[in-house]
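To keep things clear, I will list the structure first and then write my remarks on it.
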Number of protein chains: 2
Amino acid sequence: MRPSIKQVANLAGVSIATVSRLLNKPGSVSAETAEKIHRSIEQLGFRPNFNGRNLRAGNSRTVGVVVPTLSNTVFAQCLQGIELAARELDYSVMFTTTEYLPHDESAAVELLLSHRVDGVILTVADAGANATLDLLEREKIPFVLTYNQLAQPVPGETPCTRVSVSVDNRAAACDAVTHLIRLGHRRIQMLSGRFNASDRAIQRYYGYLDAMRMAGLDPLSAIEVERHTLTAATDYQQMMADPAQRPTALFCSNDLLAMSAMRDLRALGLRVPQDISVMGFDGIPVGALMEPVLASVVQPSEQIGDVALRTLVAAIERGVIAGGDAHAASAGGMRHVLPHGVRAGGSAASPDQS
Amino acid sequence: MRPSIKQVANLAGVSIATVSRLLNKPGSVSAETAEKIHRSIEQLGFRPNFNGRNLRAGNSRTVGVVVPTLSNTVFAQCLQGIELAARELDYSVMFTTTEYLPHDESAAVELLLSHRVDGVILTVADAGANATLDLLEREKIPFVLTYNQLAQPVPGETPCTRVSVSVDNRAAACDAVTHLIRLGHRRIQMLSGRFNASDRAIQRYYGYLDAMRMAGLDPLSAIEVERHTLTAATDYQQMMADPAQRPTALFCSNDLLAMSAMRDLRALGLRVPQDISVMGFDGIPVGALMEPVLASVVQPSEQIGDVALRTLVAAIERGVIAGGDAHAASAGGMRHVLPHGVRAGGSAASPDQS
DNA sequence: TTGAAAGCGCTAACAA
DNA sequence: TTGTTAGCGCTTTCAA
């Protein structure tokens with residue numbers, strides 16, 4: 001077994017309490033005792049066991065993170081942001097994925113709760129009606145949603161006490177589509193991930209509708225596709241094959257989808273942007289390395305992670321002060337809306353005036 | 001405070017030992033007692049506290065993961081593979097990043113050790129002389145290296161007891177360069193990340209040398225660049241500007257670098273592949289979506305993670321049986337060399353025969 | 001099949 | 001400034 005605080009105390013000829021004190025508030029131990037203890041620690045290669053500490057202290061300085069997948073760069077960047085901030089604040093990170101499966105969401109959170117994480121950062125399929133979030137609330141564990149964007153509070157209704165960190169998906173999508181409209185596009189088709197796998201996708205579709213209506217254009221219903229692949233949806237293929245029917249621009253609910261769409265268009269013999277423009281959403285870094293550069297809405301993913309973690313830790317530590325009920329302490333709710341940008345790129349250009 | 005096993009026992013009218021037994025080996029409790037206990041658990045919303053369990057059991061069913069960064073898709077995919085496998089085997093994952101800083105490597109591992117993870121998966125800058133690995137060995141914590149590739153055992157020398165999971169970097173690079181040579185290239189320049197930030201980069205350079213020599217061509221010294229950016233290195237710019245000096249192909253030590261290089265070449269007015277071919281290493285998925293498709297060596301990153309986790313868990317559980325010294329139990333060492341592929345892509349074509 | 005009790009490593013209240 | 005002690009939640013002998 002590894003050396004415990006007890007062995008250190010024995011070797012140094014002091015009580016375990018003194019060792020503990022040195023570890024926690026070094027000021028409260030005399031210089032020479034401290035010296036002795038440090039030597040013993042060194043000699044034994046002692047390293048405090050956080051399990052003991054957590055058990056006693058009732059908190060773990062660990063946060064749980066639950067994201068759908070790491071295959072999408074966006075979530076990897078967000079996790080990166082979380083980790084960097086956590087390290088700075090001296091927190092550790094337990095991490096899980098869900099593959100967009102609500103069942104896995106719950107299982108993941110259950111496990112994190114058994115580990116007694118102090119809080120959770122998560123991105124769920126749909127923040128509206130979500131058993132996992134209810135569970136977290138029942139357990140009074142503070143949590144912060146990333147990418148999921150809570151609804152604007154309605155005056156008169158009881159305000160939501162949850163916390164989210166995201167861009168304004170609807171406004172951002174509206175900006176993107178407006179960008180296309182300004183370039184001269186009239187027939188713009190939205191391609192989206194499954195609405196039921198992502199509440200953001202729906203918000204982005206609303207943004208599309210806003211922009212189209214604002215410009216007096218006819219919106220089209222969105223085409224939902226599985227996991228970034230344009231299935232051999234024959235209606236889609238037909239639409240694309242027929243120049244009269246074909247949209248002059250595609251607005252995609254995420255960059256991976258946009259890039260896949262571009263590849264498929266190429267396979268169909270269509271050139272981007274000469275024959276059709278493509279705009280994405282996310283602003284993943286590789287998009288800027290392509291030729292043409294992928295026009296997109298840029299979300300500050302790493303910053304989303306950073307803000308989420310700091311907000312969560314603030315709630316946790318407020319809770320410690322408030323007497324353990326960290327969730328109540330964070331009550332009031334908060335919608336952190338981070339600024340988005342529109343990256344103009346060669347993939348979106350003015351349509352041929354032929 | 002959350003309900004503990006004690007409250008469950010009280011409510012069910014049994015001892016805590018019985019509750020514990022039900023939780024661990026349900027067979028050893030009578031049906032009706034089990035029934036009562038289950039009801040109590042339900043009613044109280046009891047969830048076992050892993051801190052208590054870990055403290056007592058001396059193991060945590062948690063592994064630590066340390067990677068340089070998540071900005072590189074390769075590591076994100078690897079982490080994904082680790083997480084999926086961990087979940088399947090009922091392990092949790094604590095995760096950290098080092099930004100390629102050896103100091104952060106050690107700090108990260110120290111923290112993980114304090115959390116009493118059962119094992120560690122890590123990618124270090126240089127597996128050769130590495131204080132972090134020595135620490136892990138001293139602490140007898142089993143660990144598995146990913147991407148770092150251990151040297152082939154030399155007959156007669158004491159074999160290394162460490163474990164690595166990677167492709168054969170040298171052979172893979174050799175295959176890539178051979179691919180370029182077969183296309184007709186003679187003047188091939190390697191662009192690499194800093195050798196001191198990545199032992200893989202050096203192996204890949206050796207592979208480049210192998211291929212060049214095998215073909216009787218003059219190898220060039222590699223150009224090392226910072227973090228995927230072709231700094232305004234004037235000698236590089238000059239080399240590129242002068243058609244006589246300019247290589248006909250670039251072999252890059254990773255895909256991000258290759259994509260950045262392509263962008264920079266474009267800025268210089270050079271076309272890929274007409275004026276110059278580019279080949280990467282990693283085979284990140286987005287490379288296949290670009291036009292031209294990025295020619296690259298494909299590493300099975302998610303599988304690297306999967307194999308690493310399973311190997312680690314096997315070592316851990318062998319150790320439990322062997323009496324706690326999991327590291328000794330894993331002794332013998334192992335170099336898992338996973339197969340790589342060469343993805344031909346439009347970015348690498350035959351040079352102009354002008 | 002069940003219970004009593006010890007103890008994993010640590011912190012903190014209380015005494016000295 | 002330091003020591004004594006109780007106990008955080010759990011598992012696991014040992015007895016019954």
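The separation between A/L22 atom CG and C/dC10 atom P is 13 Å, rounded to whole Å. As rounded to whole Å, 8 Å separates atom P of C/dT2 from atom CD of B/E32.
One end of the helix from C/dT1-D/dA16 to C/dA16-D/dT1 points its axis 30° away from the other end's axis, with each axis taken from 5 pairs and the angle rounded to 10°.
Looking only at side-chain heavy atoms (C-beta outward), A/E83 and B/T96 come within less than 4.5 Å of each other. Using a 4.5 Å heavy-atom cutoff, the side chains of B/L79 and A/F95 are in contact. Counting heavy atoms from C-beta on, the side chains of A/F50 and A/T62 never come closer than 4.5 Å.
Taking CG from A/N148 and CG from A/N130, the interatomic distance works out to 8.0 Å, rounded to the nearest 0.5 Å.
Within the structure, every side-chain polar atom (N or O) of A/N49 is placed at least 4.0 Å from both OP1 and OP2 of C/dC8. Between A/N24 and C/dT11 there is a side-chain polar atom (N or O) within less than 4.0 angstrom of OP1 or OP2. Contact annotation: A/T18 does not reach the phosphate of D/dT2 (side-chain N/O to OP1 or OP2, under 4.0 Å). Residue A/R53 has no polar side-chain atom (N or O) positioned under 4.0 Å from OP1 or OP2 of C/dG9. Not one side-chain nitrogen or oxygen of B/S30 sits closer than 4.0 Å to the OP1 or OP2 atom of C/dT1.
Of the charged side-chain nitrogens involved, none lies within less than 4.0 Å of a carboxylate oxygen, so that A/E32 and A/K36 do not count as a salt-bridged pair.
Side-chain atoms of A/R56 lie closest to D/dA6 of the nucleotides D/dT2, D/dC10, D/dA6. Each of C/dT2, C/dA4, C/dC8 was ranked by its minimum atom distance to the side chain of B/A17; first place goes to C/dA4. In this structure, the nucleotide among D/dT11, C/dC10, D/dG3 sitting nearest to the side chain of A/S15 is D/dG3. Candidate nucleotides C/dG3, D/dC8, D/dT11 were compared by shortest atom distance to the side chain of B/V14, and C/dG3 ranks first. Listed nucleotides D/dT11, D/dC8, C/dC10 differ in distance to B/S20; the shortest reach to its side chain belongs to D/dT11. Distance from the side chain of A/S4 is smallest for C/dC10 among the nucleotides D/dT11, C/dC10, C/dC8. Counting only heavy atoms from C-beta on, B/T33 has its side chain closest to C/dT1 among D/dC8, C/dC10, C/dT1.
Between the side chain of A/R2 and the base of C/dG9, no donor-acceptor pair under 3.5 Å is found. Taking only distance into account, the side chain of B/R47 never meets the base of D/dG9 through a donor-acceptor pair shorter than 3.5 Å.
Listed by chain and residue number, nothing satisfies the ring pair (Phe, Tyr, Trp, His ring centres under 6.0 Å) test with B/H336 (two or more places apart in sequence, or in another chain).
Contact annotation for B/L23: no contact, since no heavy-atom pair falls under 4.0 Å across all strands.
The heavy-atom pair separating A/Q149 from A/R335 by the smallest distance is NE2-NH2, 3.8 Å.
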